[in-house]
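Just so we're clear, the structure is a prediction, and the values are computed from it rather than from any experiment.
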Amino acid sequence: MTGQRGSATLWVLVMCGMALVVASLAVDLWEVGSVRRRAAGLADSAAAAGATAVDEVAYRADPSAAPLLDPTAAVDRACAALAQSGVRCGSDAVVVADASSVRVHVRTRVDFALLRLVGAAPFDVTAVAAARPFRND
């Protein structure tokens, strides 16, 4: 049995290495999910803020019609909502509005903490949200 000496130590070392790899993958994937949820929340809240920019002149002219947006004000409100969270329109987010809806695209990048040690590239995350004004009768 002299050929078996140290095999348990080697087996434990291999298993510890595998556990480290699995833990690294879990931590980094958790980070991707967390960043994705944050980006989706930011996009949702910015789109909702933009959808509050109702064109008051058109609404007062025909209160029974569906409310229309002022596209410039909608973009401004959505960008202001994003700016409160440190997201810049143009570089980190794109906001597009027309008379019926506002659409927000938030882009961010996740730098892996542990997987980058084995050469994993950063991961891009995108979230998209849209909102439109509605009557609350």
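No continuous path of hydrophobic side-chain contacts links Val104 to Val96 [ILVMFWY only; heavy atoms under 4.5 Å]. Residues Leu29 and Val110 are members of one and the same hydrophobic cluster, defined by side-chain heavy-atom contacts under 4.5 angstrom among Ile, Leu, Val, Met, Phe, Trp and Tyr.
Residues Phe112 and Val32 meet the side-chain proximity criterion, which asks for heavy atoms closer than 4.5 Å. With contacts defined as side-chain heavy-atom distances shorter than 4.5 Å, the pair Val125/Arg107 does not qualify. Contact of the Arg77 side chain with the Thr52 side chain is registered, since non-hydrogen atoms from C-beta on lie closer than 4.5 Å.
Nearest heavy atoms, Val87 versus Ala93: CG1-CB, 3.9 Å. When all heavy atoms are compared, the tightest approach of Leu68 to Pro133 is C-CG, 4.5 Å. Among all heavy-atom pairs drawn from Pro67 and Val54, the shortest one is CB-CG1, 4.1 Å. Closest heavy-atom contact between Ala49 and Ala81: CB-CB, 3.9 Å. Minimum interatomic distance between Ser100 and Arg132 (heavy atoms only, all atoms of both residues): O-CB, 3.0 Å. Considering every non-hydrogen atom in both Ala131 and Ala51, the closest pair reads CB-CB, 3.8 Å.
Taking SG from Cys89 and CG from Asp76, the interatomic distance works out to 9.0 Å, rounded to the nearest 0.5 Å. In this structure, Gln84 CD and Ser45 OG are separated by 8.5 Å, a value rounded to the nearest 0.5 Å. From Thr126, atom OG1 reaches atom CG of Asp124 across 6.5 Å, with rounding to the nearest 0.5 Å.
In terms of modelled atom types and a separation under 3.5 Å, the side chain of Ser24 and the main chain of Leu20 share a donor-acceptor contact.
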>> Before you tell me yes or no, could you show the steps for Val106 and Asp92 under side chain to side chain contact (heavy atoms under 4.5 Å, CB included), namely the whole-Å CA-CA distance, both residues' side-chain angles and the distance that decides it to 0.1 Å?
In response: CA-CA 6 Å; Val106 175; Asp92 300 328; 5.8 Å; no

>> I'd like to know whether Leu82 forms a side chain to side chain contact (heavy atoms under 4.5 Å, CB included) with Val95, so could you lay out the CA-CA distance, the side-chain angles of the two residues, the decisive distance to 0.1 Å, and finally the verdict.
In response: CA-CA 10 Å; Leu82 290 168; Val95 179; 4.1 Å; yes

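Each of Val22, Val14, Val21 was compared with Met18 under the side chain to side chain contact (heavy atoms under 4.5 Å, CB included) criterion, and only Val14 meets it.
Under 3.5 Å, the side chains of Ser91 and Arg88 contain a donor-acceptor pair of N or O atoms.
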